[in-house]
Protein chains: 2
Amino acid sequence: MEESTGLEQMICFELYAASRAMTGLYRPALDALGITYPQYAALRVIWHRGRITVRDLGAALRLDSGTLSPLLKRLEHQGLIRRERGTHDERVVWISPTDAGTDLEHRVADLPERLACALDLSAEEFQTLQHLLGRIRGAATRTI
Amino acid sequence: MEESTGLEQMICFELYAASRAMTGLYRPALDALGITYPQYAALRVIWHRGRITVRDLGAALRLDSGTLSPLLKRLEHQGLIRRERGTHDERVVWISPTDAGTDLEHRVADLPERLACALDLSAEEFQTLQHLLGRIRGAATRTI
DNA sequence: CGCAATTGAGTTGTGCGCAACCTATGTGTG
DNA sequence: CACACATAGGTTGCGCACAACTCAATTGCG
């Protein structure tokens with residue numbers, strides 16, 4: 001029996017700790033590929049869309065340009081993505097995976113499933129969690 | 001209908017986004033008090049225990065000394081906590097709230113309830129979420 | 001006792017997250 | 001057309017997280 005810390009009843013803390021625990025679960029696999037967890041999340045969206053603006057990527061990840069600009073610069077330096085100024089509207093920057101980036105996609109194809117297994121949740125629990133997290137995110141972002 | 005991003009099915013991403021949304025929900029209230037969310041989490045434990053070593057605080061928050069040392073130094077500079085070298089074992093540092101720190105506790109007493117309300121979850125959903133997050137954290141930390 | 005191994009805290013370096021601000025480009029209105 | 005305004009992306013600064021490391025104090029074992 002652990003000593004009480006007064007945090008047990010705080011959903012916010014559970015969320016914060018669970019989120020960090022989860023990225024820790026991804027870390028060994030991602031370290032081997034030379035990318036971080038937020039970089040991986042960004043790549044998932046880029047792979048899925050094929051070609052996306054920094055703005056839309058930020059909307060998908062809920063991250064602003066202050067976070068994304070340096071992150072994308074690092075992915076570009078690693079040769080995983082390409083950045084091109086839009087020709088029609090020169091304010092926008094289009095992101096797309098390079099060949100090396102697409103290659104990486106195939107090497108991590110089984111990662112989500114492997115790690116979902118590690119969590120040992122039933123399909124039903126999984127769905128419940130997803131629903132509740134969505135509602136939290138909705139409520140929290142709406143209030144702002 | 002939003003465009004698909006390929007992240008919908010990834011519980012890890014929902015967790016990551018929900019956690020950030022939640023700290024964003026706390027931000028206005030904590031900004032007014034001049035503390036950050038991790039500082040607030042640390043203070044909750046310190047208030048609850050009255051007196052705690054850096055080691056035990058780290059175990060409660062799942063944070064290492066690399067994160068806690070500078071965080072505690074900032075709380076000390078703000079006059080909210082005291083740091084004292086242990087007399088019996090001079091390696092350990094004991095953390096305790098100052099009068100100003102205890103005062104702050106009273107001013108945030110209603111914060112968890114206020115923010116729990118903003119989430120608009122039923123008591124049952126709340127409990128389900130707590131249980132599932134606990135299992136995730138357990139599974140993720142056990143695997144390491 | 002003497003010395004290797006362990007432990008507790010701190011430091012350094014890297015990469016987020018986010019606020020605040022900047023610049024360039026585009027849009028809308030009179 | 002001119003000028004205010006909005007928008008896209010970038011920069012700076014600060015505070016986490018976490019790995020890797022240092023150092024001092026303590027413990028354990030022959």
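In the text below, chain A, chain B and the rest are named by the order of the sequence lines, each starting its count at 1. Note that the structure is a prediction, hence the values are computed from the model and not measured.
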Inset, instruction - Look at B/Arg55 and C/dA9 and indicate whether a side-chain polar atom (N or O) is within less than 4.0 Å of OP1 or OP2. - result: no

Inset, instruction - For A/Leu71, answer base if it contacts any base atom (sugar-phosphate contacts may also be present), sugar-phosphate if it contacts only those atoms, and nothing otherwise; contact means non-hydrogen atoms under 4.0 Å. - result: sugar-phosphate

Inset, instruction - Round to a whole Å and report the spacing from CH2 of A/Trp94 to C1' of D/dG9. - result: 14 Å

Inset, instruction - Using heavy atoms to find the nearest nucleotide of DNA chain D for A/Arg83 and B/Glu90 separately, return the residue whose nucleotide is more 5′. - result: A/Arg83

Inset, instruction - Would you indicate what A/Thr23 reaches in the nucleic acid, counting non-hydrogen atoms under 4.0 angstrom: base, sugar-phosphate, or nothing? - result: nothing

Legend entry - Interatomic distance, B/Leu68 CG vs D/dA19 P [rounded to whole Å]: 14 Å

Inset, instruction - Can you label the angle between the A/Tyr40 ring and the A/Tyr26 ring as parallel, tilted or perpendicular, going by 30° and 60°? - result: tilted

Legend entry - Neighbour count above 12 (heavy atom, 6.0 Å) for B/Glu84 CD: yes

Legend entry - Phosphate OP1/OP2 of D/dA17: any A/Tyr16 side-chain N/O under 4.0 Å: yes

Legend entry - Spacing between B/Glu84 atom CD and C/dG8 atom P, to the nearest angstrom: 19 Å

Inset, instruction - State yes or no: do B/Leu33 and A/Met10 share one hydrophobic cluster built from I, L, V, M, F, W and Y residues joined by side-chain heavy-atom distances below 4.5 Å, directly or via other members? - result: yes

Legend entry - Residue met sooner reading DNA chain D from 5', once A/Asp31 and B/Pro70 are mapped to nucleotides: B/Pro70

Legend entry - Distance below 4.0 Å between B/Gln39 side-chain N/O and D/dC16 OP1 or OP2: yes

Legend entry - Base C/dG8 to side chain B/Ser65, donor-acceptor N/O within 3.5 Å cut-off: no

Legend entry - Nearest-Å distance for atom pair CZ/C1', residues B/Arg27 and D/dG15: 11 Å

Inset, instruction - Check the distance between D/dA8's P and A/Leu63's CG and give it to me in whole angstrom. - result: 16 Å

Legend entry - Candidate nucleotides D/dG9, D/dA25, C/dG26, ranked by approach to the side chain of A/Arg91 - the nearest: C/dG26

Inset, instruction - Take atom OH of B/Tyr40 and atom C1' of D/dG15, then tell me their distance rounded to the nearest Å. - result: 19 Å

Legend entry - Quiz item: A/Thr36 side-chain donor-acceptor pair to C/dG15 base, under 3.5 Å: no

Legend entry - A/Asp99, CG: over 12 other non-hydrogen atoms inside 6.0 angstrom: no

Legend entry - D/dT11 phosphate, OP1 or OP2, under 4.0 Å from A/Lys73 side-chain N/O: yes

Inset, instruction - Using the test side-chain hydrogen bond (donor to acceptor under 3.5 Å, both in side chains), find all partners of B/Asp89 that sit at least two apart in sequence or belong to another chain. - result: B/Arg91

